[in-house]
Peer 1: 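My questions will all concern the structure given below.
Computed from a predicted structure; not experimentally measured. Note on naming: letters A, B, ... go to the chains in the order of the sequence lines (proteins, then strands), and numbering restarts at 1 for each one.
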Amino acid sequence: MTGMWSAEGRVCMVDVFAEIRELVIAELTAQLGKDPDDFDASAITIERPKTVAHGEVATNAAITAAKGAGRQPRELAVGLAASLQTDPRMASVEVAGPGFLNMRLKPEVWKENLRSVIRAGSSYGGNDRGNGRRVNLEFVSANPTGPLHVGHARGAVFGDALGRLLEFTGHDVTREYYLNDGGAQVDTLARSAHLRYLEALGKEIAFASGDYRGDYLCQVGVALKETYGDRFVGRPEEEWLDRFRKFAVDAMLDSIREDLYLLGIRMDRFFSEVSLYQDGRIDDAIEQLRQRGLIYEGELLPPKGGHEVDWEPRKQTLFRSTAHGDDTDRPIRKADGSWTYFAPDIAYHYDKISRGYDELINVFGADHSGYSKRISAVVSALSDGRTPIDVKLTQLVRVIKDGGAAKMSKRAGEFVQLRDAVSAVGPDVTRFVMLMRRNDAQLDFDFEKVREQSKENPVFYVQYAHARICSAIRKVAQSGIDTDDARLAEASLERLGHPDQIALARRIAEWPRIVDLASRNHEPHRVAFFLNELASEFHSLWSQGNREPELRILQESDLPGTTARTALARSVAVVISCGLSILGVKPMHEMRN
RNA sequence: GGCCCCGUAGCUCAGCAGGAUAGAGCGACCGCCUCCUAAGCGGUAGGUCACAGGUUCGAAUCCUGUCGGGGCCGCCA
């Protein structure tokens with residue numbers, strides 16, 4: 001799994017750390033006289049120590065295994081070190097501290113890995129961990145009552161990047177948007193559109209409180225005028241509400257699709273809430289819960305603190321979500337007998353489960369934090385615990401403009417729209433900046449800083465590294481050296497001997513681990529951080545070329561060395577390009593003014 | 001009152017399903033362009049990882065509690 005056979009019949013490593021891990025486990029089980037296939041190695045870590053004194057690769061294998069085997073950690077470590085030492089890849093193995101094994105590999109291991117990197121190209125670092133598992137990834141799901149704002153953009157970018165990451169690690173991802181086209185807010189939208197329609201016909205209008213006043217509805221009003229003329233002027237609501245609702249929702253959906261498209265995002269499916277009200281699909285889902293004894297008539301306790309005065313006990317139809325980890329049971333019917341918002345959500349998740357996904361992921365905005373437990377409870381209940389669900393919350397985006405936080409009032413379109421951000425700084429910068437933070441940490445989106453083309457702006461820093469490499473390779477090619485990947489992968493790498501060159505090769509070898517970790521934890525930001533580190537290390541090596549000319553990539557007097565250094569640089573570019581594509585950012589081949 | 005997230009350097013944040021001397025950027029200070037793009041690089045200064053217990057050979061990381069910041073909490077969606 002971690003190695004593949006090349007045409008020449010030798011093993012090409014695609015993940016050095018995974019290879020070493022296998023080696024360690026093999027030697028360890030041999031020492032302990034255990035069957036490697038029947039050995040729990042989950043506690044064994046392979047890591048890159050922070051300090052060089054601790055070697056290049058370290059493992060806690062002896063420490064963790066000693067406990068269960070009734071052996072002394074250090075004594076076990078010494079034996080393990082001796083057998084590891086005989087592996088041809090190993091330069092040295094030392095026992096340290098309570099039983100750590102600090103290994104150094106022969107430089108050739110890191111250098112040879114560069115060939116695999118170049119051969120693998122854009123697939124380097126990917127793996128098949130998902131094994132085709134079908135993942136439903138729901139994100140954005142903003143109400144179709146207006147254009148997306150920067151907060152939605154964060155959820156959109158996060159969800160899409162997570163999708164790419166999962167695809168890169170062998171998952172079959174469905175990107176889905178739950179369209180709340182059925183609630184009262186859509187009626188309000190229709191009424192607001194009606195007002196804009198009247199306005200387009202030259203009438204005086206007055207908004208009611210709660211109406212959507214954003215001017216994005218003006219063009220909807222104009223379109224309505226063009227479609228219906230003055231048919232619905234002064235007519236009762238029953239005559240126009242349904243068709244205005246559909247008209248406005250369609251218009252908003254188009255606008256949302258357009259916004260997402262600006263960020264390079266395409267949903268596989270928009271799932272309509274309204275469709276759930278048809279064919280008794282909500283009843284079906286509730287019935288499933290009922291059969292599991294999770295539906296009952298009862299009263300909720302009042303929420304404690306301040307508001308008891310307004311509280312009137314009321315008998316309601318409740319879902320016993322506490323049986324699946326929620327804090328309180330949840331109402332599914334309002335007092336008038338109609339469904340609460342939660343009921344179609346139950347049906348929606350029942351639908352997802354019925355579609356046979358192996359895993360569900362929901363990306364919610366911070367304002368839905370209180371919602372995650374009940375959704376998890378629903379999925380747990382309806383799948384009988386079989387379908388795992390991960391709810392990821394994206395925290396607020398604070399927009400900084402002119403040095404201060406911009407107002408983000410929900411009223412009257414005062415929020416900063418997604419398309420404003422994208423048109424100001426472009427999709428690539430928007431995406432990268434939003435992925436430079438963990439999803440659950442608040443994020444500042446500073447319009448000024450993000451436009452700077454300096455180290456302050458991480459996307460340019462990474463792009464600059466890539467552009468530098470492309471530029472260098474162009475120059476190398478001009479000097480008559482064949483820089484095709486196929487040729488670079490075959491280059492003699494003898495001339496790569498400087499510690500910093502080896503260190504860079506080592507960094508490149510970490511990429512598969514980063515991908516795996518980011519994918520497992522659903523944390524695409526790790527990719528962005530890694531790219532930053534890689535770029536930094538490359539820039540550093542590049543600048544050293546100023547002081548030490550033998551480190552420069554292109555040296556006319558040393559063509560074999562030039563080819564080797566080009567291969568190293570090319571490997572960096574492969575990883576940057578690959579990482580950026582996970583983030584959904586296009587690599588730049590040259591920087592323009 | 002309950003639940004969720006957060007609390008790491010002056011500021012903004014990383015810290016890899018516990019690991020060995022806690023990192024980066026910005027800001028501050030000192031340096032580096034006869035050199036493949038200085039849109040860059042090197043160095044110095046700066047932290048009782050909010051606090052207190054617990055688990056462990058070992059805790060910034062896991063558990064409990066406290067304090068502080070943000071968010072959510074039926075008859076909106």
Side-chain angles (χ1 to χ4, degrees), chain A residues 42-43 45 47-51 53-54 58 60 63 66-67 73 96-100 102 143 145 180 182-186 188 210 273 299-308 310-314 316 318 326-328 330-331 333-336 340-342 345 366-373 391 393 395-396 436-438 440-444 446 449 452-458 460-461 463-465 467-468 471-476 479 510 513-514 516-518 520-521 523 525-526 529-530 532-533 536 539-547 549 552-555 569 590-591 593:
Chain A
S42 57
T45 60
E47 48 197 277
R48 212 181 76 106
K50 288 172 204 142
T51 49
H54 296 147
N60 62 357
I63 303 174
K67 207 178 293 175
F100 288 106
N102 294 333
N143 285 342
T145 54
N180 291 116
Q185 86 284 359
V186 183
T188 304
E273 178 192 356
E299 285 176 12
L300 285 178
L301 296 171
K304 291 176 182 159
H307 305 293
E308 289 97 341
D310 304 335
W311 185 270
E312 291 172 25
R314 171 180 309 132
Q316 288 176 292
L318 301 171
D326 202 357
D327 315 306
T328 173
R330 305 291 176 177
R333 281 192 197 277
K334 299 179 200 167
D336 66 3
T340 63
Y341 171 77
F342 187 38
D345 243 344
D367 54 342
H368 278 62
S369 63
Y371 222 67
S372 89
K373 274 197 179 183
V391 179
L393 298 173
Q395 275 300 326
L396 297 173
M436 273 302 286
R437 284 286 104 93
R438 233 181 327 125
D440 48 14
Q442 184 177 293
L443 172 124
D444 285 354
D446 187 325
K449 272 190 184 168
E452 272 177 36
Q453 304 195 340
S454 70
K455 202 162 180 180
E456 182 86 1
N457 180 345
F460 273 92
Y461 187 68
Q463 292 281 27
Y464 184 38
R468 266 185 160 169
S471 161
I473 292 177
R474 281 194 296 270
K475 296 221 172 183
V476 169
S479 75
E510 276 187 77
R513 304 182 66 225
I514 300 296
D516 192 51
L517 198 64
R520 282 175 195 276
N521 295 316
E523 292 177 338
H525 76 276
R526 291 180 187 279
F529 276 94
F530 178 78
N532 226 15
E533 283 170 22
S536 169
H539 283 308
S540 171
L541 186 61
W542 175 287
S543 295
Q544 267 186 79
N546 293 333
R547 290 183 149 267
R552 292 183 198 171
I553 294 170
L554 175 59
Q555 295 168 45
E590 58 184 334
M591 306 297 269
N593 276 324

Peer 1: Ignoring backbone atoms, establish whether A/Lys50 has a side-chain N or O less than 4.0 Å from OP1 or OP2 of B/A20.
Peer 2: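 Looking at the OP1 and OP2 atoms of B/A20, one of them is under 4.0 Å from a side-chain N or O of A/Lys50.
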Peer 1: Applying the Watson-Crick and G-U wobble criteria at under 3.5 Å, what pairs with B/G40? Answer none if nothing qualifies.
Peer 2: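 WC or wobble partner is B/C32.
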Peer 1: Considering every strand and a 4.0 Å limit on heavy-atom distances, what is the contact class for A/Arg330: base, sugar-phosphate, or nothing?
Peer 2: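 No contact.
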Peer 1: Please state how far atom CZ in A/Arg513 lies from atom P in B/G15, giving the value in whole angstrom units.
Peer 2: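 One finds 14 Å between P of B/G15 and CZ of A/Arg513, rounded.
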Peer 1: Provide, to the nearest angstrom, the distance between the CD atom belonging to A/Glu523 and the C1' atom belonging to B/G15.
Peer 2: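 Nearest whole value for this atom pair: 11 Å.
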Peer 1: For A/Glu273 and A/Arg520, find the nucleotide of RNA chain B closest to each by heavy atoms; which residue's nucleotide sits nearer the 5' end?
Peer 2: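 Residue closer to the 5' terminus by nearest nucleotide: A/Arg520.
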Peer 1: Would you kindly compare A/Ile553 and A/Leu393 by the position of their nearest RNA chain B nucleotide and give the one closer to the 5′ end?
Peer 2: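 The answer here is A/Leu393.
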Peer 1: Does A/His539 lie flat on the base of B/G40, that is, centres under 5.5 Å apart and planes under 30° off?
Peer 2: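 Not stacked by the 5.5 Å and 30° rule.
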Peer 1: Base, sugar-phosphate or nothing for A/Ala58? Non-hydrogen atoms, less than 4.0 Å.
Peer 2: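 Base: the residue A/Ala58, judged by heavy atoms under 4.0 Å, touches a nucleobase.
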Peer 1: Looking for any heavy atom pair under 4.0 Å, which part of the strands does A/Arg437 touch: base, sugar-phosphate only, or nothing?
Peer 2: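 Contact class for A/Arg437: sugar-phosphate only.
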Peer 1: If we require ring centres under 5.5 Å and near-parallel planes under 30°, does A/Phe100 stack on B/A20?
Peer 2: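 The base of B/A20 is stacked with A/Phe100 (centres under 5.5 Å, planes under 30°).
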Peer 1: In whole Å, I'd like the distance from the CZ atom of A/Phe342 to the P atom of B/C73.
Peer 2: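 Rounded to the whole Å, the gap is 14 Å.
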Peer 1: Work out how far the P atom of B/C32 is from that of B/G10, and round it to whole angstrom.
Peer 2: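 Rounded to whole Å, the distance is 29 Å.
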Peer 1: Can you check the distance between B/C57 and B/C4, where both ends of the measurement are the P atom (answer in whole Å)?
Peer 2: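 So the two P atoms sit 30 Å from each other.
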Peer 1: OP1 or OP2 of B/G15 sitting under 4.0 Å from any side-chain N/O of A/Arg438?
Peer 2: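 Result: yes.
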Peer 1: Sort out the partner of B/G1 for me: Watson-Crick or G-U wobble, both distances under 3.5 Å, none otherwise.
Peer 2: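 The base-pairing partner of B/G1, which may sit in any strand shown, is B/C73.
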Peer 1: Pick base, sugar-phosphate or nothing for A/Asn60, based on heavy-atom distances below 4.0 Å to the nucleic acid.
Peer 2: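 Base contact - A/Asn60 has a heavy atom under 4.0 Å of at least one base atom.
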Peer 1: Would you say the side-chain atoms of A/Ser372 pair up with the backbone N or O of A/His368, donor to acceptor, closer than 3.5 Å?
Peer 2: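 Not a single qualifying donor-acceptor pair exists.
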Peer 1: Just by distance, do the side chain of A/Gln555 and the backbone of A/Pro549 share a donor-acceptor pair under 3.5 Å?
Peer 2: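 The answer is yes, because a donor-acceptor pair under 3.5 Å joins these two groups.
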Peer 1: In whole angstrom, give the distance that lies between atom CD of A/Gln463 and atom P of B/A39.
Peer 2: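 It is 16 Å, rounded to the nearest whole Å.
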Peer 1: May I ask you to evaluate whether A/Arg468 reaches the phosphate of B/A38, defined as a side-chain N or O under 4.0 Å from OP1 or OP2?
Peer 2: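 The answer is yes; a side-chain N or O of A/Arg468 sits under 4.0 Å from OP1 or OP2.
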Peer 1: Report which part of the nucleic acid A/Ala53 touches: base, sugar-phosphate, or nothing (heavy-atom distance under 4.0 Å, all strands).
Peer 2: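 Nothing, no heavy atom under 4.0 Å.
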Peer 1: Compare every heavy atom of A/Glu590 with every heavy atom of A/Arg474, then report the nearest pair and how far apart it is.
Peer 2: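 Answer, listing the atom of A/Arg474 first, then A/Glu590: NH2-CB, 3.8 Å.
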Peer 1: Roughly how far, to the nearest 0.5 Å, is the CH2 atom of A/Trp542 from the CZ atom of A/Arg468?
Peer 2: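 The distance works out to 5.5 Å.
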Peer 1: Examine distances only and state if a side-chain atom of A/Glu47 and a backbone atom of A/Asn60 form a donor-acceptor pair shorter than 3.5 Å.
Peer 2: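 A pair under 3.5 Å: no.
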Peer 1: Have a look at A/Pro98 and say if it touches a base, only the backbone sugar-phosphate, or nothing, with a 4.0 Å heavy-atom cut-off.
Peer 2: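 A/Pro98: base contact, heavy atoms under 4.0 Å.
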Peer 1: Would you mind pulling out the nucleotide paired to B/G27, Watson-Crick or G-U wobble, both distances under 3.5 Å?
Peer 2: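 Pairing partner: none.
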Peer 1: So, does A/Asn521 get its side chain near the phosphate of B/A17, meaning an N or O under 4.0 Å from OP1 or OP2?
Peer 2: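 So the side-chain polar atoms of A/Asn521 do come within 4.0 Å of the phosphate oxygens OP1 or OP2 of B/A17, strictly under.
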Peer 1: Between B/U61 and B/A22, how far is it from one P atom to the other, in whole Å?
Peer 2: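 These two P atoms come out 15 Å apart once rounded.
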Peer 1: Within the structure shown, what part of the strands sits under 4.0 Å from A/Asn546 by heavy-atom distance: base, sugar-phosphate, or nothing?
Peer 2: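 Base: the residue A/Asn546, judged by heavy atoms under 4.0 Å, touches a nucleobase.
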Peer 1: Ignoring hydrogens and angles, state whether a donor on the side chain of A/His539 or A/Ser536 is under 3.5 Å from an acceptor on the partner side chain.
Peer 2: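 Not at all, the side chains of A/His539 and A/Ser536 share no donor-acceptor pair under 3.5 Å.
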Peer 1: When both hydrogen-bonding distances must be under 3.5 Å and the geometry is Watson-Crick or G-U wobble, what is B/A50 paired with, if anything?
Peer 2: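 Pairing partner, where one exists within any strand: B/U66.
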Peer 1: Roughly, in whole Å, what's the span from CE in A/Met436 to C1' in B/G23?
Peer 2: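 After rounding, the reported distance stands at 13 Å.
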Peer 1: Within the 4.0 Å heavy-atom criterion, would you say A/Ile63 contacts the bases, only the backbone, or no part of the nucleic acid?
Peer 2: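 Base, at least one base heavy atom under 4.0 Å.
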Peer 1: Would you say a side-chain N or O of A/Arg526 is under 4.0 Å from OP1 or OP2 of B/G15?
Peer 2: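 The answer is yes; a side-chain N or O of A/Arg526 sits under 4.0 Å from OP1 or OP2.
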Peer 1: Is A/Asn102 reaching over with its side chain to a backbone N or O of A/Ala58, donor-acceptor style, under 3.5 angstrom?
Peer 2: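 Not confirmed, A/Asn102 side chain does not pair with A/Ala58 backbone.
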Peer 1: Taking atom C1' in both B/C30 and B/A45, what distance in whole Å separates the two?
Peer 2: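 The answer is 11 Å between these two C1' atoms.
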Peer 1: Check whether A/Ser543 reaches the backbone of A/Ser540 with its side chain - one donor and one acceptor, N or O, closer than 3.5 Å.
Peer 2: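 Checked: no pair found.
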Peer 1: Using the C1' atom as the point on both nucleotides, what is the distance between B/G74 and B/G27, in whole Å?
Peer 2: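 Going atom to atom, C1' in each nucleotide, I get 49 Å.
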Peer 1: Could you classify B/A17 for me, syn or anti, using a glycosidic angle within 90° of 0 as syn?
Peer 2: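 Judged by the O4'-C1' to base torsion, B/A17 sits in syn, the angle falling within 90° of 0.
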Peer 1: Say you pick atom P in B/G23 and the same atom in B/G43; how far apart are they, in whole Å?
Peer 2: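 Taking atom P in both B/G23 and B/G43, they lie 14 Å apart.
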Peer 1: Please state the C1' separation for the pair B/G40 and B/C51 - nearest whole angstrom.
Peer 2: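 Rounded to whole Å, the distance is 43 Å.
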Peer 1: Could you give the CZ-to-C1' distance, from A/Arg547 to B/G43, as a whole number of Å?
Peer 2: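 That distance rounds to 11 Å.
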Peer 1: Take atom C1' in B/U37 and the same atom in B/A20, then report the distance between them in whole Å.
Peer 2: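 41 Å, rounded to whole Å.
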Peer 1: Does A/Ile514 offer a backbone N or O that forms a donor-acceptor pair with the side chain of A/Arg526 under 3.5 Å?
Peer 2: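 No; judged by distance alone, with no hydrogens or angles, the pair does not exist.
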Peer 1: OP1, OP2 of B/U37 versus side-chain N and O of A/Ser471: anything below 4.0 Å?
Peer 2: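 Yes.
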Peer 1: Would you classify A/Gln316 as touching base, sugar-phosphate or nothing, given that sugar-phosphate means primed atoms plus P, OP1 and OP2, and contacts are heavy atoms under 4.0 Å?
Peer 2: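 Counting heavy atoms under 4.0 Å across all strands, the contact made by A/Gln316 is with sugar-phosphate only.
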Peer 1: Can you tell me if the side-chain N/O atoms of A/His368 get under 4.0 Å from OP1 or OP2 in B/C3?
Peer 2: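 For A/His368, the contact criterion (side-chain N or O under 4.0 Å from OP1 or OP2 of B/C3) is not met.
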Peer 1: Rounding to an integer number of Å, can you tell me how far A/Leu443 CG sits from B/C11 P?
Peer 2: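 After rounding, the reported distance stands at 19 Å.
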Peer 1: Can you tell me if the side-chain N/O atoms of A/Thr328 get under 4.0 Å from OP1 or OP2 in B/C73?
Peer 2: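 Answer is no, no contact under 4.0 Å.
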Peer 1: What is the pairing partner of B/U56, taking Watson-Crick or G-U wobble pairs with both distances under 3.5 Å in any strand?
Peer 2: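 Answer to the pairing question: none, since B/U56 forms no Watson-Crick or G-U pair.
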Peer 1: Is the shortest side-chain N/O distance from A/Tyr461 to OP1 or OP2 of B/A38 below 4.0 Å?
Peer 2: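 Result: no.
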Peer 1: Send over the distance from A/Asn532 CG to B/A24 C1', rounded to a whole Å.
Peer 2: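 From A/Asn532 CG to B/A24 C1': 8 Å.
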Peer 1: When you measure from the side-chain N and O atoms of A/Lys373 to the phosphate of B/G2, is any distance below 4.0 Å, counting only OP1 and OP2?
Peer 2: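 Checking B/G2 against A/Lys373, no side-chain N or O comes under 4.0 Å of OP1 or OP2.
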